[in-house]
Amino acid sequence: MWNQLRRRYEGGDGTFQLPSPWPILAIGLVVYALTGIYIVAPDERAVVLRFGAVVREQGPGPGYHIPWPIEEVYKPSVTQVRKEEFGFRSVLGGSREQPTEALMLTGDQNIVKLQFIVQYRVKAEPDGPRNFLFNVRDQRGTVRGAAEVAMRDVIGNTTIDDALTQGKELIQQDAQETLQKILDSYDSGVEIVTVKLMNVDPPEPVEDAFKDVINAQQDRERLINNASGYANAVIPQARGEAAQLLNEALAYKEAKVAQANGAGQRFIALYDEYVKAKDVTRQRLYLETLEDVLPRMNKILIDERAGGQVVPYLPLDQLRVPAPEQVRAAGVPQEAQETK
Amino acid sequence: MMDRRWLSVLVIAAAVTAVWNLATFRVNEWQRALVIQLGKPLDRDTTAAGLYFKVPFIQNVVYFDKRLLDYDAQPREVLTIDKQQLVIDNYSRWRIIDPLRFYQTVRNEPGAQSRLDDIIYSNLRENLGRNELREIVGNKRSTLMDQVAERSNAKMTDYGIEVVDVRIKRADLPEKNQENVFNRMKTERERQAKKFRAEGEEEARKVRSKADKEKEILMAEARRDADVLRGEGDALAVRIFAEAYNRDPEFYQFVRTLEAYRRSLSEGTTAVMSPDSEFFRILKDGAAPR
């Protein structure tokens, strides 16, 4: 085999013979021509340059350009979203603050700590990729600088209370608008996808004071709630007491009337009887009453005429506490006689 | 002895490469070029990107960037009209519009940067020094910057440079002033907190006292109504009694007196009585009728 090759390329005089250049040149040319084939991925747009000047652009799919150094192709991604962080940097397993970037002066000359991100991509419109590639040297730096300008501009026209609370949406929107305007003025071919505020906080030295305001707000609600609770307890209780008073009064009235009716009826009944035999009834009532009353009493019977001569001596201190048995044992007439 | 065919291929390739390299130059889409002949720049139009020819050895080509370039200044202090120190960190976007003039005056980008530095900073200081802090931070910022850019641009055209814009990235207070701001913010918040608490107190007192008031009113009304009812009851009773007893007031008095005896003369009461009384009449006078 080796001998065969040697015979093929060795001249008659034994010197080494080069093969013909043409087939090799032809193969070289074909390979060279093949380097011009390129494929544009679905997320890319191709820009073809001839001697450094743009000659055509192309969407996704295969394509061919005259090989280098005559033509070249650039294929920037138009869907890939790039992200920039401001006020912090993502590091492995967390984030690190960047105070100089994060602290901003607000319109009412307070300082607020603000962290945000900007997402952007190459503009999808026809001139986008071309502008992105050739109009700005440092695309990333340009986006970063313009984003800081835009955000500080917006914050500089916002009060700290708005920035901390309800104004977030508006700030994001305004900043995105301003940023896009700046980048458009550079014909940068950059499209801002979103500007998003991550954290908006008061700076550390005043954090506690801000928290205390929130606490104070809650304190206010709590005080008011307590008072409402008190009111809710007191008023029904008062209503109950009032109803009780009224009911008691009503009961008194009804009782009084019923009692009066009863007593009145009783008197009328008695009177009806009395009319029939006035003297007898009168006498009877009198005697009945005394009969009822006298047994319970101590009695001292003194004749008036005797009383005129004899000094009636009343041992008041002895009379006061009589032996109860004695009194009860004695009948009325008997006792009266004895006394007499 | 080398093959003649190979020799010719190599010679042609070398010749083509030499001519390509020495006699042509290409201007990329993002570049401007300046042809310099024996040290002297030629006024040749190479604005459009593409392939150009030149005389080998005698003519050299210098490239400039056509793209938007970046100038980022160091943060510097500026004094505002209301005597406030502000730390300004600004940037500028600029581009080379006249390579010939650019080459003649500042020669290259570092040279341009230092010239930009001088001119933009002096304009900035002058312009910001005529305004208040509030205006610089807030609503007038972009107008001020437009003015600075315009004036800087007017001066930089002499150097073949266009200043596209000048913008303030950061306008912050120096460290020592920040302390003051923080203190002010703190007192401001403390004031708010106090206000909220006082408001709570106020509202709570209102609610409580209103409840107390309502309670008082409710109770007083109830007492009034109750008294009215009691009075009605008493009046009604009196009327009923009167109606009954008016039939014979004397008899009523008699009956009522007896009843009073029953009630008031209780056990242990001592009575000194005369036998002349109605009760003892018979005891004394015997059973003969009167």
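What's counted below: heavy atoms across the whole structure, side chains too, no hydrogens, waters or symmetry copies.
Centroid-to-centroid, the aromatic rings of Phe51(A) and Trp20(B) come within less than 6.0 Å.
Side-chain atoms of Arg189(B) do not come within 3.5 Å of backbone N or O of Asp208(A) as any donor-acceptor pair. Between the side chain of Arg220(A) and the backbone N or O of Arg197(B) there is no donor-acceptor pair closer than 3.5 Å. Using a distance-only test at 3.5 Å, with no hydrogens or angles considered, a donor-acceptor pair links the side chain of Glu29(B) to the main chain of Val54(A).
Note that CG of Asn247(A) is 9.5 Å distant from CG of Leu229(B), once rounded to the nearest 0.5 Å. Taking OG of Ser188(A) as the reference point, atom CZ of Arg93(B) lies at 10.0 Å (rounded to 0.5 Å).
Looking only at atom types and distance, the side chain of Tyr261(B) has no donor-acceptor partner in the side chain of Asp292(A) under 3.5 Å away. In the model, Asn110(A) has a side-chain atom that pairs as donor or acceptor with a side-chain atom of Arg184(B) under 3.5 Å.
Between Arg152(A) and Asp172(B) a salt bridge is recorded (basic side-chain N to carboxylate O distance below 4.0 Å).
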Derivation and outcome, side-chain contact (heavy atoms from CB on, under 4.5 Å), residues Phe196(B) and Asn215(A): CA-CA 9 Å; Phe196(B) 282 137; Asn215(A) 287 342; over 6 Å; no

Show your working on side-chain contact (heavy atoms from CB on, under 4.5 Å) between Glu232(B) and Lys256(A) and close with a plain yes or no. CA-CA 10 Å; Glu232(B) 278 173 12; Lys256(A) 206 70 198 209; over 6 Å; no

For Leu133(B) and Gln109(A), run side-chain contact (heavy atoms from CB on, under 4.5 Å): C-alpha distance rounded to whole Å, both residues' side-chain angles, the deciding distance at 0.1 Å, then the answer. CA-CA 9 Å; Leu133(B) 173 79; Gln109(A) 263 136 81; 3.6 Å; yes

What's the verdict on ring-ring contact (aromatic ring centres under 6.0 Å, His included) for Phe254(B) and Tyr286(A), showing C-alpha distance, side-chain angles and the deciding distance? CA-CA 9 Å; Phe254(B) 173 70; Tyr286(A) 172 68; 7.2 Å; no

Yes or no on side-chain contact (heavy atoms from CB on, under 4.5 Å) for Val149(A) and Tyr91(B), after CA distance, side-chain angles and deciding distance? CA-CA 9 Å; Val149(A) 168; Tyr91(B) 79 65; 3.5 Å; yes

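When each of Asp108(A), Val112(A), Ile160(A), Thr106(A) is tested with Met185(B) by the rule side-chain contact (heavy atoms from CB on, under 4.5 Å), just one qualifies, namely Ile160(A).
Residues Trp6(B) and Ile24(A) have side chains in contact (heavy-atom distance under 4.5 Å, counting atoms from C-beta outward). Using a 4.5 Å cut-off on side-chain heavy atoms (C-beta onward), Arg170(B) and Glu101(A) make contact.
There is no contact between Thr281(A) and chain B, counting heavy-atom distances below 4.5 Å. With a 4.5 Å cut-off on non-hydrogen atoms, Tyr274(A) touches chain B through its side chain but not through its backbone.
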